[in-house]
Amino acid sequence: MLQHCWSYKPLVQDVLGLKLNRVTLAPDTAGLPPAASLMPQHQKKSYDVDDKDFFWEAAGALPFPKVAEEVESQLQKYKAAVDEINSKTAGAEGDDALLDHEELLRRNTQNLMSAVSSLPELQEKKKVLDKHTNLATSLLGAIKARGLDGLYNLEEDLLTGKADTAGLMRLLQGAKGTT
(Lines give C-alpha, C1' and ligand atoms only; values in the text may rest on other atoms or scores of the structure.)
Protein backbone atom coordinates (compact mmCIF):
# COMPACT_ATOMS: atom_id res chain seq x y z
CA MET A 1 0.00 0.00 0.00
CA LEU A 2 1.25 3.43 -0.88
CA GLN A 3 0.36 6.40 1.31
CA HIS A 4 0.88 10.12 0.89
CA CYS A 5 3.05 11.83 3.44
CA TRP A 6 1.34 14.31 5.75
CA SER A 7 4.38 16.05 7.20
CA TYR A 8 5.38 19.66 6.56
CA LYS A 9 8.46 19.35 4.31
CA PRO A 10 7.00 16.80 1.86
CA LEU A 11 3.71 18.70 1.67
CA VAL A 12 5.52 21.96 0.88
CA GLN A 13 7.46 20.19 -1.84
CA ASP A 14 4.50 18.34 -3.35
CA VAL A 15 1.76 20.95 -2.99
CA LEU A 16 3.57 24.30 -3.13
CA GLY A 17 6.32 23.23 -5.52
CA LEU A 18 9.60 23.43 -3.62
CA LYS A 19 12.41 23.64 -6.17
CA LEU A 20 16.08 24.19 -5.33
CA ASN A 21 15.17 25.14 -1.74
CA ARG A 22 12.81 27.88 -2.94
CA VAL A 23 9.04 28.08 -2.76
CA THR A 24 7.23 30.63 -4.92
CA LEU A 25 3.68 31.47 -3.91
CA ALA A 26 1.17 32.93 -6.30
CA PRO A 27 -0.60 36.05 -5.04
CA ASP A 28 -3.95 35.60 -3.33
CA THR A 29 -6.22 37.59 -5.62
CA ALA A 30 -9.46 35.74 -4.90
CA GLY A 31 -12.37 38.16 -4.90
CA LEU A 32 -10.33 41.02 -6.35
CA PRO A 33 -10.90 42.62 -9.76
CA PRO A 34 -8.67 41.29 -12.58
CA ALA A 35 -6.56 44.47 -12.68
CA ALA A 36 -5.67 44.02 -8.99
CA SER A 37 -3.39 41.10 -9.82
CA LEU A 38 -1.15 43.52 -11.75
CA MET A 39 -0.53 45.73 -8.70
CA PRO A 40 2.90 45.42 -7.01
CA GLN A 41 1.48 44.13 -3.72
CA HIS A 42 -0.03 41.18 -5.62
CA GLN A 43 3.24 39.89 -7.10
CA LYS A 44 4.52 36.38 -6.49
CA LYS A 45 6.49 35.89 -3.30
CA SER A 46 9.45 33.57 -3.05
CA TYR A 47 10.82 32.04 0.12
CA ASP A 48 14.08 30.19 0.63
CA VAL A 49 14.11 27.20 2.97
CA ASP A 50 17.22 25.22 3.84
CA ASP A 51 18.97 23.52 6.72
CA LYS A 52 19.95 26.93 8.20
CA ASP A 53 16.28 27.72 8.73
CA PHE A 54 15.63 26.75 12.37
CA PHE A 55 11.88 26.29 11.88
CA TRP A 56 12.24 24.25 8.68
CA GLU A 57 14.55 21.84 10.48
CA ALA A 58 12.53 21.71 13.70
CA ALA A 59 9.05 21.36 12.20
CA GLY A 60 9.80 19.71 8.86
CA ALA A 61 8.99 16.20 10.04
CA LEU A 62 5.92 17.21 12.05
CA PRO A 63 2.45 16.29 10.81
CA PHE A 64 0.98 19.34 9.12
CA PRO A 65 -1.66 20.08 11.80
CA LYS A 66 1.14 20.34 14.40
CA VAL A 67 3.01 22.96 12.33
CA ALA A 68 0.49 25.68 13.20
CA GLU A 69 0.92 24.85 16.88
CA GLU A 70 4.70 25.06 16.51
CA VAL A 71 4.45 28.44 14.76
CA GLU A 72 2.29 29.72 17.61
CA SER A 73 4.71 28.34 20.20
CA GLN A 74 7.69 29.98 18.51
CA LEU A 75 5.79 33.28 18.22
CA GLN A 76 5.07 33.17 21.95
CA LYS A 77 8.79 32.64 22.65
CA TYR A 78 9.63 35.55 20.37
CA LYS A 79 7.10 37.84 22.08
CA ALA A 80 8.45 36.83 25.50
CA ALA A 81 12.00 37.71 24.41
CA VAL A 82 10.84 41.09 23.08
CA ASP A 83 8.91 41.78 26.29
CA GLU A 84 12.00 40.91 28.34
CA ILE A 85 14.12 43.34 26.34
CA ASN A 86 11.48 46.04 26.68
CA SER A 87 11.26 45.57 30.44
CA LYS A 88 15.03 45.75 30.84
CA THR A 89 15.34 48.91 28.79
CA ALA A 90 12.25 50.63 30.21
CA GLY A 91 14.25 52.73 32.67
CA ALA A 92 14.31 53.09 36.44
CA GLU A 93 12.14 50.78 38.49
CA GLY A 94 11.43 50.52 42.23
CA ASP A 95 14.76 49.21 43.53
CA ASP A 96 16.73 51.31 41.03
CA ALA A 97 15.79 54.45 42.98
CA LEU A 98 18.07 53.26 45.82
CA LEU A 99 21.12 53.02 43.54
CA ASP A 100 23.52 55.87 42.99
CA HIS A 101 23.53 57.65 39.66
CA GLU A 102 26.67 55.92 38.31
CA GLU A 103 25.43 52.40 39.12
CA LEU A 104 22.07 53.16 37.54
CA LEU A 105 23.78 54.50 34.43
CA ARG A 106 26.01 51.41 34.24
CA ARG A 107 23.01 49.04 34.53
CA ASN A 108 21.00 50.91 31.92
CA THR A 109 23.98 50.94 29.58
CA GLN A 110 24.45 47.18 29.99
CA ASN A 111 20.75 46.58 29.36
CA LEU A 112 20.78 48.72 26.23
CA MET A 113 23.91 47.01 24.91
CA SER A 114 22.34 43.62 25.54
CA ALA A 115 19.14 44.69 23.78
CA VAL A 116 21.00 46.08 20.77
CA SER A 117 23.09 42.93 20.42
CA SER A 118 20.04 40.63 20.55
CA LEU A 119 17.85 42.64 18.14
CA PRO A 120 19.32 41.27 14.87
CA GLU A 121 18.77 37.69 16.04
CA LEU A 122 15.20 38.46 17.10
CA GLN A 123 14.47 40.22 13.80
CA GLU A 124 15.77 37.21 11.85
CA LYS A 125 13.67 34.86 13.98
CA LYS A 126 10.58 36.98 13.30
CA LYS A 127 11.25 36.93 9.53
CA VAL A 128 11.55 33.13 9.60
CA LEU A 129 8.31 32.79 11.58
CA ASP A 130 6.49 35.15 9.20
CA LYS A 131 7.77 33.14 6.24
CA HIS A 132 6.50 29.87 7.69
CA THR A 133 3.20 31.45 8.68
CA ASN A 134 2.72 32.45 5.02
CA LEU A 135 3.83 29.03 3.77
CA ALA A 136 1.54 27.18 6.18
CA THR A 137 -1.41 29.45 5.30
CA SER A 138 -0.89 28.87 1.57
CA LEU A 139 -0.43 25.16 2.16
CA LEU A 140 -3.66 24.96 4.15
CA GLY A 141 -5.54 26.78 1.38
CA ALA A 142 -4.18 24.38 -1.25
CA ILE A 143 -4.98 21.34 0.92
CA LYS A 144 -8.58 22.50 1.38
CA ALA A 145 -8.99 23.49 -2.29
CA ARG A 146 -7.76 20.11 -3.51
CA GLY A 147 -9.40 18.03 -0.78
CA LEU A 148 -6.10 16.50 0.27
CA ASP A 149 -7.20 16.25 3.88
CA GLY A 150 -10.07 13.98 2.84
CA LEU A 151 -7.68 11.89 0.76
CA TYR A 152 -5.30 11.53 3.70
CA ASN A 153 -8.15 10.52 6.03
CA LEU A 154 -9.35 7.96 3.50
CA GLU A 155 -5.83 6.54 3.17
CA GLU A 156 -5.68 6.22 6.97
CA ASP A 157 -9.03 4.43 6.97
CA LEU A 158 -7.80 2.07 4.25
CA LEU A 159 -4.76 1.20 6.36
CA THR A 160 -6.84 0.46 9.43
CA GLY A 161 -9.55 -1.41 7.52
CA LYS A 162 -12.30 1.14 8.22
CA ALA A 163 -12.58 2.48 4.67
CA ASP A 164 -15.98 3.22 3.17
CA THR A 165 -15.99 1.74 -0.34
CA ALA A 166 -18.66 4.13 -1.59
CA GLY A 167 -16.70 7.09 -0.19
CA LEU A 168 -13.55 5.81 -1.87
CA MET A 169 -15.29 5.61 -5.24
CA ARG A 170 -16.78 9.12 -4.85
CA LEU A 171 -13.33 10.51 -4.06
CA LEU A 172 -11.69 8.74 -6.99
CA GLN A 173 -14.37 9.88 -9.42
CA GLY A 174 -14.62 13.45 -8.06
CA ALA A 175 -12.86 16.53 -9.38
CA LYS A 176 -10.99 17.42 -6.18
CA GLY A 177 -7.40 16.34 -5.87
CA THR A 178 -6.83 16.19 -9.60
CA THR A 179 -4.77 19.37 -9.88
Legend entry - For Ala59 against Val67, the heavy-atom pair lying closest together: O-CG2, 4.1 Å
Legend entry - Minimum heavy-atom distance between Ser46 and Arg22, given as atom pair plus value: CB-NH1, 3.8 Å
Inset, instruction - Verify, without hydrogens or angle tests, whether Lys144 (side chain) and Asp149 (backbone) share a donor-acceptor contact under 3.5 angstrom. - result: no
Inset, instruction - Give a yes or no on whether a salt bridge exists between Asp130 and Lys126, defined as a side-chain N under 4.0 angstrom from a carboxylate O. - result: yes
Legend entry - Val23 vs Leu18 side-chain heavy atoms within contact, under 4.5 Å: yes
Legend entry - Side-chain touch Leu148/Tyr152, heavy atoms, less than 4.5 angstrom: no
Legend entry - Minimum heavy-atom distance Ala61-Ser7, with the two atoms named: O-CB, 3.6 Å
Inset, instruction - Output the distance between atom CG (Leu140) and atom CG (Leu11), rounded to the nearest 0.5 Å. - result: 11.0 Å
Inset, instruction - Please round to the nearest 0.5 Å and tell me the distance separating atom NZ of Lys45 and atom CG of Leu25. - result: 9.0 Å
Inset, instruction - Grab the two heavy atoms, one from Pro10 and one from Gly60, that are nearest each other, plus how far apart they are. - result: CD-O, 4.2 Å
Inset, instruction - State yes or no: do Leu75 and Leu119 share one hydrophobic cluster built from I, L, V, M, F, W and Y residues joined by side-chain heavy-atom distances below 4.5 Å, directly or via other members? - result: no
Legend entry - Side-chain heavy-atom pair Asp48, Asp53 within 4.5 angstrom cut-off: no
Legend entry - Beyond-backbone contact of Ile143 with Trp6, side-chain heavy atoms, under 4.5 angstrom: yes
Inset, instruction - Report whether Tyr8 and Phe54 are members of the same hydrophobic cluster (ILVMFWY, side-chain heavy atoms less than 4.5 Å apart, transitive linking). - result: yes
Inset, instruction - Find out whether Trp56 and Val12 are in side-chain contact, i.e. whether some heavy atom of one side chain is under 4.5 Å from a heavy atom of the other. - result: yes
Legend entry - Side-chain donor/acceptor of Ser73 to backbone N/O of Glu69, under 3.5 Å: no
Inset, instruction - Answer yes or no: is there a side-chain heavy-atom contact under 4.5 Å between Lys9 and Val49? - result: no
Inset, instruction - Working to the nearest 0.5 Å, report the span between CD of Glu156 and CG of Leu158. - result: 9.5 Å
Inset, instruction - Could you tell me whether the side chain of Ile85 reaches within less than 4.5 Å of the side chain of Leu122, counting heavy atoms only? - result: yes
Inset, instruction - Sort out for me which residue in Glu72, Glu70, Gln76 forms a side chain to side chain donor-acceptor pair (under 3.5 Å) with Gln74. - result: Glu70
Inset, instruction - Would you give the length of the straight line joining atom OH of Tyr78 to atom NZ of Lys125, rounded to the nearest 0.5 angstrom? - result: 10.0 Å
